[in-house]
Amino acid sequence: QVQLVESGGGLVQPGETLRLSCATSGIMFRIYAMGWYRQAPGRQRELVAVVTSSGLTQYADSVKGRFTISRDNLKNTLYLQMNSLKVEDTAVYYCYANLDPRGYWGQGTQVTVSS
């Protein structure tokens, strides 16, 4: 059974830092591209960052220079380091595994940035 479990969200002030984790099980983690998405109230889910099986990364323009996606293939875990958080980063953040024949989503973790 495939399972993705996000953690690390919370309430922070602008300029502060959070590190999200996505623990996976039931997949050959190292061979799949992984991603972080987010969804704010009233908006569509959007791509934040992806990392391929070979380690290549890509980021949304809105988070470039502030967020870093990484993976630990020995721990089967995906990470998102979020620095210099802004109010507009407030959203539920979801982990995604690009498996075949379909992808899988985690349950999401809430990130709230507020003064």
Below 4.5 Å, heavy atoms only, C-beta onward: do [X] and [Y] meet side chain to side chain?
X: Ile27; Y: Gln3; result: no
X: Leu78; Y: Val51; result: yes
X: Ser114; Y: Leu11; result: yes
X: Val111; Y: Met82; result: yes
X: Val113; Y: Lys86; result: no
X: Tyr93; Y: Val48; result: yes
X: Val50; Y: Thr57; result: no
X: Phe67; Y: Leu18; result: no

- Query: For Gln44, does the CD atom sit with more than 12 other heavy atoms under 6.0 Å from it, leaving out its own atoms?
  - Reply: no

- Query: Can you tell me if CD on Gln58 sees more than 12 non-hydrogen neighbours from other groups inside 6.0 Å?
  - Reply: no

- Message: Hydrophobic clusters here meaning ILVMFWY residues chained together by side-chain heavy-atom distances under 4.5 Å, can you tell me if Leu85 and Tyr59 are in one?
- Response: yes

- Taking a hydrophobic cluster as the set of Ile, Leu, Val, Met, Phe, Trp and Tyr residues connected by side-chain heavy atoms closer than 4.5 Å, whether directly or through intermediates, do Ile69 and Val63 fall within one such cluster? yes

Taking atom [atom1] of [X] and atom [atom2] of [Y], what is their separation to the nearest 0.5 Å?
X: Thr90; Y: Arg38; atom1: OG1; atom2: CZ; answer: 9.0 Å
X: Leu20; Y: Cys95; atom1: CG; atom2: SG; answer: 10.0 Å
X: Met34; Y: Tyr104; atom1: CE; atom2: OH; answer: 13.0 Å
X: Asn76; Y: Thr24; atom1: CG; atom2: OG1; answer: 4.5 Å

- Candidate pair Thr52 and Ser54, rule side chain to side chain donor-acceptor pair (under 3.5 Å), full reasoning: CA-CA 5 Å; Thr52 70; Ser54 61; 3.0 Å; yes

- Task: List for me each residue that meets side-chain hydrogen bond (donor to acceptor under 3.5 Å, both in side chains) alongside Arg66, sequence neighbours excluded, and say none if there are none.
- Result: Asp89

- Item | Pairs involving residues 17-35, ordered by first then second residue, that meet salt bridge (Lys or Arg N to Asp or Glu O under 4.0 Å) (sequence neighbours left out) | none

Atom of [X], atom of [Y] and distance for their closest heavy-atom approach:
X: Gly106; Y: Tyr94; result: O-CD2, 3.6 Å
X: Gly103; Y: Tyr96; result: CA-OH, 3.4 Å
X: Glu6; Y: Trp36; result: CG-CZ3, 3.8 Å
X: Ser115; Y: Pro14; result: N-CD, 3.8 Å

Does [X] use its side chain to pair, donor to acceptor, with the backbone of [Y] at less than 3.5 Å?
X: Asp72; Y: Leu74; result: yes
X: Ser62; Y: Ala60; result: no
X: Thr109; Y: Ser7; result: no
X: Ser53; Y: Tyr32; result: no

- Query: Given Leu99 and Val2, is the side chain to side chain contact (heavy atoms under 4.5 Å, CB included) satisfied, shown in steps?
  - Reply: CA-CA 10 Å; Leu99 275 62; Val2 176; 3.9 Å; yes

- Using the ring of Phe29 (Phe, Tyr or Trp, six-membered ring only), decide whether Arg71 places NZ or CZ under 6.0 Å from its centre and within 45 degrees of its axis. yes

- Message: What verdict does the ring-ring contact (aromatic ring centres under 6.0 Å, His included) test give for Tyr37 and Trp105, after you've listed the backbone C-alpha separation in whole Å, the side-chain angles of each residue and the deciding distance to 0.1 Å?
- Response: CA-CA 10 Å; Tyr37 290 72; Trp105 296 93; 5.0 Å; yes

